[in-house]
Number of protein chains: 2
Amino acid sequence: MTQSRPRIPEATVARLAVYLRVLTGLAGGGRSTVSSGELASAAGVNPAGLRKDLSHLGPCGVRGVGYDVATLRDRIARVLGVEQSRACVLVGIGNLGTALADYAGFGSRGFRFVGLFDAAPARVGQRIGGQPVRPMAELDEVVAATAATIGVIATPAEVAQPVCDRLTTAGVRSILNFAPVALAAPPEVDVRQVDLSVELQVLAFLGQQRSDAAGSLEVLA
Amino acid sequence: MTQSRPRIPEATVARLAVYLRVLTGLAGGGRSTVSSGELASAAGVNPAGLRKDLSHLGPCGVRGVGYDVATLRDRIARVLGVEQSRACVLVGIGNLGTALADYAGFGSRGFRFVGLFDAAPARVGQRIGGQPVRPMAELDEVVAATAATIGVIATPAEVAQPVCDRLTTAGVRSILNFAPVALAAPPEVDVRQVDLSVELQVLAFLGQQRSDAAGSLEVLA
DNA sequence: AACCGCTTGTGAACGCAGGAACAAAGTCGC
DNA sequence: GCGACTTTGTTCCTGCGTTCACAAGCGGTT
């Protein structure tokens, strides 16, 4: 019963990733300590919530002083598993796929793309960020050879499900899906959905709601 | 007191956008009615939750039959404000910005980009999706002329805050930020943050946690 | 050595989201 | 025309996430 992993809530994990980014920036700037208030402000969250998030890692601050930047950064990095670089494959090298493959932010966060795949013969062979685009036929081979556990789908919606199936049979355990469809996958595979236009629609709705409230117009059917 | 807007929860709004997408697809396929179970399955949510979400719009289904696809689609579209096309400006035409500008999904969801901006002279003048990239100097002019209320930031993190400031002073009311920094903005401006690598890190953490639990290895400091 | 101010860590209350179960209501079959 | 089935809309409940507020602890100062 080594209950040393007290089930960190998912919302906390997402914020820990943000704290890690801020702390890395602070360490680069030469700061040695931060208070919870300052760190919370930089991360855009509530100070009390930040302290509660950090409490899941055990005591890691000094009362009256704050947190040691480098120590906290390393601790979060270890919990998040950033120390070991994770192999990812990316399917769908369109505009979005190219942006993801080129995004420098992934490399510094413990991710490396070990395979870029596209079904279009015209794209195969192009080099993105120093890597060649491969045909889908090589997917299983690359996943097996690199032990990649994470797959990213940036294809059109129509082919996302078959791509998801191929990734799961190839042995991928976690999938990040940018295509605007709900994917069906076996229960042992985690699927996370990111829909860019949903974010935009929520934003538009909030803005509309607020302007309605401000004008208090009766615009109804 | 036209309290006909009973404050729809934000989580529900996000799901309504998903339902709208599914319903549009069903309508295109010629379907006339759907049950909550089928719609929930296609959207990847629980049927009971879907019905609860829809109950915020008032009764809009027929018991024993289901929902009329076209009627429900139009109703959600009206609540979300998709009927009127919303003008957006996009700053930062790198890989991600190009992907966003080209993404056809926005146009069909009631958004149109009325201005693409970049600070790099080399990018100004390029045409993306039939539109020219403009210099930052024209930002205020375009926002004023088109009454754009939404701004999208796809710049490097270092310049995201100044860009945010320029957008707010130009009159933009809502901002969708893809740069990995927390933005400071006046309270009357809504800011929504999307961090692609945070999603990936959460996914990696969940996968790591599960494999730790499966092997029940004692890997601790 | 003792005091004081500052900051963390934790405990409790509040509000919200999610899920299951049940009643209302409408349609189809006889 | 009536009964049974199907599906919605609602209600309750459980659990989680977030926030506020306070006690504990450490460093610096006198």
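Chain naming here is simple, since letters A, B, ... match the order of the sequence lines and numbering starts at 1 in each. A quick note: this is a predicted structure, and the numbers were derived from the prediction, not measured.
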Here the distance between atom C1' of C:dC6 and atom OH of A:Tyr67, to the nearest Å, is 13 Å

Please report the interatomic distance CZ(B:Arg109) to CG(A:Leu200), rounded to the nearest 0.5 Å.
9.5 Å

Between A:Val65 and A:Thr12, who's closer to the 5' end of DNA chain D by nearest nucleotide?
A:Thr12

Can you name the closest pair of heavy atoms from A:Ala182 and A:Gln161 and give their distance?
O-OE1, 4.2 Å

For the residue pair A:Gly105 and A:Ser108, what are the closest heavy atoms and their distance?
O-OG, 3.1 Å

Rounded to whole Å, how long is the line connecting atom CZ of B:Arg63 with atom P of C:dC22?
17 Å

Write down the distance between CG (A:Asn46) and P (C:dT8), rounded to a whole number of angstrom.
13 Å

Under 4.0 Å between a side-chain N or O of A:Ser36 and OP1 or OP2 of C:dT8?
yes

note: A:Leu54, atom CG; C:dT8, atom P; distance rounded to Å ~ 9 Å

Is the base of C:dG9 touched by the side chain of A:Lys52 through a donor-acceptor pair closer than 3.5 angstrom?
no

Earliest and latest nucleotide of DNA chain D, 5' to 3', sitting under 4.0 Å from a non-hydrogen atom of chain B?
D:dT6 to D:dC12

What does B:Gly49 touch in the nucleic acid at a heavy-atom separation under 4.0 angstrom: a base, only the sugar-phosphate, or nothing?
nothing

Can you name the closest pair of heavy atoms from B:Tyr103 and A:Ser197 and give their distance?
CE2-CB, 4.4 Å

Whole-Å distance separating the CZ atom of B:Arg51 from the P atom of C:dA20:
11 Å

When every non-hydrogen atom of B:Pro180 is compared with those of A:Arg21, the smallest separation belongs to O-NH1, 2.8 Å

If only atom types and distance count, is the side chain of A:Asn177 paired as donor or acceptor with the main-chain N or O of A:Val181 below 3.5 Å?
yes

